[in-house]
Amino acid sequence: MTSPGTRADAEAEDLDVEEALALVRENPGHGGHGGQGAPTPHHPADAHHHATPWPEARATAERAARTAARAARRTPVAVPLDTALGLTLAAPLAALTDLPSFDTSAMDGWAVAGPGPWAVRDEGVLAGHAAPAPLTDGEAVRIATGARIPPDTTAVLRTEHGRSDERGRLHPTREVVHGQDIRPRGQECRSGDQLLPVGTLATPAVLGLAAAAGYDTLTAVPRPRVDVLVLGDELLTQGLPHDGLIRDALGPMLPPWLRALGAEVRTVRRIGDDAKALHRAVTTSEADLIVTTGGTAAGPVDHVHPTLRRIGAELLVDGVKARPGHPMLLARLKDDQHLVGLPGNPLAAVSGLLTLAEPLLRTLAARPAPEPYTLPLRDAVHGHPYDTRLVPVVLRGEGAVPLHYNGPAMLRGIAAADALAVVPPGGARSGQEAELLDLPWATGGIGVCFT
């Protein structure tokens with residue numbers, strides 16, 4: 001990519017999101033009843049036969065997002081620096097000024113001219129003040145870090161490298177090298193230099209660089225918009241479970257998790273087991289992605305499949321060969337709108353979130369795919385004969401320790417986990433390398449954005 005030389009190049013407001021997506025460094029991808037905690041009814045006999053293998057399901061979600069981005073052609077947005085964390089640059093970041101924009105002192109000490117000893121001026125030079133008067137040979141002036149260098153300065157003498165005699169003259173305690181501890185104008189960059197390319201993730205350091213380079217906003221790929229629909233009549237929003245009712249664990253958990261994956265969560269609606277309400281919520285949503293919880297199986301109050309058939313949606317993934325989370329699904333509602341149906345059991349929903357929602361949201365947000373990595377398992381993990389298992393683990397040294405409480409309805413394991421281990425069909429022995437899916441907050445990474 002060529003280096004821009006003007007402010008117009010730096011802002012590049014005419015670049016649309018699909019073009020930005022095309023310029024992002026691509027990494028290859030990996031290739032229920034509504035009730036939370038309720039047992040999942042038996043699927044039709046051929047349901048497992050038609051389920052999508054886990055790696056293929058993730059790849060399908062990525063392809064769907066790329067197609068949606070082309071269809072939507074969303075315009076990049078100008079985002080204030082204080083809200084741009086985690087976004088992807090949709091225009092190159094070009095310096096709007098020299099850095100530094102004037103010669104500055106790199107240390108506290110004295111600006112000196114010519115060889116020592118030096119007579120020291122009474123007044124000092126502080127950062128943020130107007131240009132100081134020039135120095136003459138044999139003259140020095142106190143200077144603070146970041147202050148403008150007086151004209152004709154030879155070097156900056158650090159505080160710890162100078163001493164004063166009885167006449168108040170300044171002497172160096174070690175050799176003074178011409179230009180030492182002076183940051184010359186443009187040392188880091190010149191105005192118009194390209195600092196970062198399209199596709200760069202806005203980390204805290206990127207925000208700092210943008211501010212130093214003169215930016216108040218960043219031109220970025222907008223966050224994908226998500227609506228969350230929580231299904232199930234048996235869910236409580238407060239208090240203890242009672243009389244067959246249970247607490248809704250997904251309503252509090254999914255929105256911050258989706259935000260950590262780069263989404264803008266617009267609404268969280270509790271639909272219950274109401275087919276008409278579900279139809280109305282799905283058909284009136286303007287989100288890029290709708291996430292439903294539960295109702296993806298074939299029970300009497302599982303309304304997700306009938307709703308999708310009614311509106312003519314295209315099922316891209318209808319069941320995944322994964323445990324937990326087998327009855328997850330991905331549907332295309334419109335060219336630029338998708339629905340991810342999560343199982344109702346909490347850990348199964350997490351599995352669906354990381355299998356289908358994560359690659360879709362990551363691709364829509366133009367975030368780079370994480371580099372896959374493996375670690376040896378400290379303990380053997382029982383496998384499913386045909387399906388991939390996602391098992392919560394903690395990272396200890398150079399290994400991953402599988403956690404207990406990893407059933408579909410359990411959150412105790414994932415709440416303590418650093419990652420999910422991808423266990424192939426048949427299981428894994430102790431010491432076997434397993435691919436790991438990081439949890440965004442466990443790595444301390446840029447994905448941690450809960451608000």
Side-chain angles (χ1 to χ4, degrees), residues 27-32 37 39-40 42-43 45-62 253 257 261 317 319-328 330 342-343 345-359 362 369-445 447:
N27 294 311
H30 301 289
T40 302
H42 180 65
H43 276 251
D46 63 346
H48 189 275
H49 177 73
H50 293 295
T52 303
W54 182 79
E56 183 181 330
R58 287 174 60 78
T60 298
E62 288 191 13
M253 180 174 70
W257 203 321
L261 294 177
V317 174
V320 176
K321 293 180 180 179
R323 304 287 167 156
H326 174 267
M328 67 181 82
L330 170 64
L342 303 178
N345 278 322
L347 189 58
V350 169
S351 176
L353 189 70
L354 295 181
T355 300
L356 297 176
E358 186 276 332
R362 167 171 41 81
E371 287 291 338
Y373 74 103
T374 64
L375 283 178
L377 296 171
R378 293 285 186 88
D379 303 312
V381 178
H382 176 72
H384 187 276
Y386 312 108
D387 295 351
T388 299
R389 283 194 69 199
L390 301 181
V391 177
V393 296
V394 290
L395 307 183
R396 294 290 182 266
E398 297 300 316
V401 182
L403 294 170
H404 300 294
Y405 307 106
N406 54 29
M410 299 179 179
L411 288 175
R412 185 172 173 180
I414 192 69
D418 298 315
L420 287 174
V422 180
V423 178
R429 65 185 182 278
S430 176
Q432 181 174 331
E433 295 279 332
E435 180 183 350
L436 297 182
L437 302 178
D438 279 326
L439 305 179
W441 47 89
T443 60

For [X] and [Y], work out which heavy atoms get closest and say how close.
X	Y	value
D418	L395	OD2-N, 2.8 Å
P425	Y386	CG-O, 3.5 Å
A434	A421	CB-CB, 4.5 Å
P402	V381	CG-CG2, 3.5 Å
V423	A428	CG1-N, 3.9 Å
G399	R378	CA-NE, 3.9 Å

Atom pair [atom1]/[atom2] of [X] and [Y] - distance to nearest 0.5 Å:
X	Y	atom1	atom2	result
E435	L375	CD	CG	11.5 Å
M328	L353	CE	CG	9.5 Å
R323	S351	CZ	OG	10.0 Å

If you define the side chain from C-beta out and look only at heavy atoms, does anything of [X] sit under 4.5 Å from [Y]?
X	Y	result
T355	V317	no
H384	K321	no
R362	P370	yes
V320	E56	no
Q432	P424	yes
V401	L377	no
L403	V394	yes

Under 3.5 Å: donor-acceptor pair, side chain of T52, backbone of A57: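 No; zero donor-acceptor contacts below 3.5 Å.
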Under-4.0 Å salt bridge between E358 and R58: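 Yes, this pair counts.
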Side chain to side chain donor-acceptor pair (under 3.5 Å) against S430, all qualifying residues, sequence neighbours excluded: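 Result, side chain to side chain donor-acceptor pair (under 3.5 Å) vs S430: none returned.
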Sequence-distant partners of R396, side chain to side chain donor-acceptor pair (under 3.5 Å), two or more places apart: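 Partners of R396 by the side chain to side chain donor-acceptor pair (under 3.5 Å) criterion come out as none, since no residue qualifies.
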Pairs touching residues 397-414 that satisfy side-chain hydrogen bond (donor to acceptor under 3.5 Å, both in side chains), sequence neighbours left out: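 Output for this query lists Y405-R412.
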Pair listing, side-chain hydrogen bond (donor to acceptor under 3.5 Å, both in side chains) test, anchored in residues 419-428, at least two apart: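 Checked against side-chain hydrogen bond (donor to acceptor under 3.5 Å, both in side chains) - neighbours excluded - no pair reaches residues 419-428.
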A419: side chain to side chain contact (heavy atoms under 4.5 Å, CB included) partners, not counting sequence neighbours: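 Scan of A419 (side chain to side chain contact (heavy atoms under 4.5 Å, CB included), adjacent residues dropped) gives V393, L436, D438.
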Reference residue V422; test side-chain contact (heavy atoms from CB on, under 4.5 Å); the match among T388, L354, T374: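 Of the listed residues T388, L354, T374, the side-chain contact (heavy atoms from CB on, under 4.5 Å) partner of V422 is T388.
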